[in-house]
Amino acid sequence: MKKLTILAFVGLSSLAFSQDIKNSPDKGKQKTALIVPTGQAELDAKKKAAEEKAKLPKPYDPKADAQADINKVIAQAKKEGKNVMIQAGGNWCIWCLRFNNFVQNTPELKEIADKNYVYYHLNYSPENKNEKVFAQYINIKEQQFYPFFIILDKEGKKIHVQQSEVLEEGKGYSKEKVKEFLEKGKVL
């Protein structure tokens, strides 16, 4: 009798559960409907980001002698009376490419950057991590998020290191925040 009661309960429960699924508007495809679009949306987002990255200029040179380049940039900054802005990152970094493109294609920001800085893109990539160069400005043992910016005075002394996430807005950068950042580090 006990077995029959348990069997009847299990059977009725199964029947009730199957009725709920059959009577649902999506005919029992709820799980599939949630999993497939999420996976597809993720794939679409990755594809869109790859297409965006392919179209953006690639300002980082993994083969460059970064120390020699920075020495030249500092000499130029001294001659022109400007500060140095080093944008650390790599061509692999969508946010690095977005920032470069944003500043170069926003006339007001480009004018501030060109007027006040000698700009350099310091590469960090598997091919060339530039650890000796980075070690002059940051603790290379700490986790870094790219891009970040190293501002030097015209003598080559570090003024400030700025993380970029505070400049972000949505899938890009805030014009007002970037403008404030660029103006904060300019030569007075």
Side-chain angles (χ1 to χ4, degrees), residues 49-188:
E51 289 170 354
E52 177 188 2
K53 192 187 295 186
K55 292 177 186 175
L56 293 172
K58 310 295 185 286
Y60 297 92
D61 182 0
K63 295 177 183 172
D65 180 342
Q67 188 59 63
D69 289 350
I70 290 172
N71 292 343
K72 289 176 190 172
V73 166
I74 291 169
Q76 180 183 348
K78 189 172 188 173
K79 182 179 173 185
E80 295 176 11
K82 297 179 181 181
N83 283 341
V84 174
M85 180 177 296
I86 299 173
Q87 180 179 328
N91 294 328
W92 52 268
C93 168
I94 188 71
W95 285 96
C96 301
L97 303 179
R98 283 177 180 161
F99 188 87
N100 178 67
N101 193 58
F102 183 64
V103 170
Q104 295 303 312
N105 290 300
T106 306
E108 184 178 2
L109 299 178
K110 182 168 176 28
E111 182 181 339
I112 295 168
D114 290 347
K115 182 178 177 184
N116 297 292
Y117 300 98
V118 179
Y119 211 99
Y120 182 71
H121 291 87
L122 177 55
N123 181 75
Y124 176 87
S125 66
E127 306 90 14
N128 188 352
K129 295 182 180 181
N130 281 309
E131 290 174 325
K132 288 181 182 178
V133 176
F134 278 108
Q136 297 173 60
Y137 308 111
I138 62 167
N139 180 350
I140 62 171
K141 293 179 182 175
E142 290 180 2
Q143 172 69 44
Q144 301 302 319
F145 299 97
Y146 296 92
F148 66 89
F149 308 92
I150 304 163
I151 308 298
L152 308 177
D153 68 14
K154 61 185 174 190
E155 302 297 323
K157 293 180 183 145
K158 181 175 75 171
I159 297 173
H160 178 63
V161 175
Q162 175 70 52
Q163 298 298 320
S164 66
E165 67 267 8
V166 299
L167 307 174
E168 295 173 9
E169 186 174 83
K171 296 222 180 251
Y173 290 93
S174 161
K175 181 179 175 184
E176 290 308 311
K177 290 177 184 177
V178 172
K179 180 180 176 184
E180 182 181 344
F181 160 61
L182 292 173
E183 287 178 336
K184 195 186 315 184
K186 68 182 183 180
V187 177
L188 299 175

Do [X] and [Y] make a side-chain contact, defined as non-hydrogen atoms from C-beta onward lying under 4.5 Å apart?
{"X": "Ile112", "Y": "Lys179", "result": "yes"}
{"X": "Phe149", "Y": "His160", "result": "no"}
{"X": "Gln163", "Y": "Gln144", "result": "yes"}
{"X": "Asn130", "Y": "Asn123", "result": "yes"}
{"X": "Glu52", "Y": "Ile94", "result": "yes"}
{"X": "Leu182", "Y": "Asn116", "result": "no"}

How long is the gap from [atom1] on [X] to [atom2] on [Y], to the nearest 0.5 Å?
{"X": "Leu97", "Y": "Trp92", "atom1": "CG", "atom2": "CH2", "value": "9.5 Å"}
{"X": "Ile150", "Y": "Met85", "atom1": "CD1", "atom2": "CE", "value": "11.0 Å"}
{"X": "Tyr124", "Y": "Phe134", "atom1": "OH", "atom2": "CZ", "value": "8.0 Å"}
{"X": "Asn100", "Y": "His121", "atom1": "CG", "atom2": "NE2", "value": "3.5 Å"}
{"X": "Asn83", "Y": "Leu152", "atom1": "CG", "atom2": "CG", "value": "8.0 Å"}
{"X": "Ser164", "Y": "Arg98", "atom1": "OG", "atom2": "CZ", "value": "11.0 Å"}

So which of Ile138, Ile151, Ile86 actually passes side-chain contact (heavy atoms from CB on, under 4.5 Å) with Val161? Ile138
State, to 0.1 Å, how close [X] and [Y] come at their nearest heavy-atom pair, and which atoms those are.
{"X": "Ala77", "Y": "Lys154", "value": "O-CB, 3.8 Å"}
{"X": "Asn91", "Y": "Pro59", "value": "OD1-N, 3.4 Å"}
{"X": "Tyr120", "Y": "Ala64", "value": "OH-CB, 4.1 Å"}

Please confirm whether the backbone N or O of Cys96 pairs with a side-chain atom of Gln87, one donor and one acceptor, at under 3.5 Å? yes
If you count the non-hydrogen atoms of other residues, nucleotides and ligands that lie under 6.0 Å from NZ in Lys58, is the total more than 12? yes
Can you tell me if Glu176 and Ser174 form a side-chain donor-acceptor pair at under 3.5 Å? no
Let's go through Tyr137 and Ile70 carefully: what are the C-alpha distance in whole Å and the side-chain angles of both, what is the deciding distance for side chain to side chain contact (heavy atoms under 4.5 Å, CB included) to 0.1 Å, and is it a yes or a no? CA-CA 12 Å; Tyr137 308 111; Ile70 290 172; 3.8 Å; yes
Salt-bridged, Lys157 to Asp153, with N to O below 4.0 Å? no
Less than 4.0 Å between a side-chain N and a carboxylate O, is that true for Glu169 and Lys177? no
Which of these passes ring pair (Phe, Tyr, Trp, His ring centres under 6.0 Å) with Phe99: Tyr173, Tyr60, Phe148? Tyr173
In this structure, is the centre-to-centre distance between the rings of Phe145 and Trp95 below 6.0 Å? no
Only counting residues at least two apart or in another chain, list the ones meeting side chain to side chain contact (heavy atoms under 4.5 Å, CB included) with Gln136. Gln67, Val133
List in chain and number order the residues that pass side chain to side chain contact (heavy atoms under 4.5 Å, CB included) with Glu131, two or more places apart in sequence or in another chain; answer none if no residue qualifies. Lys129, Ile140
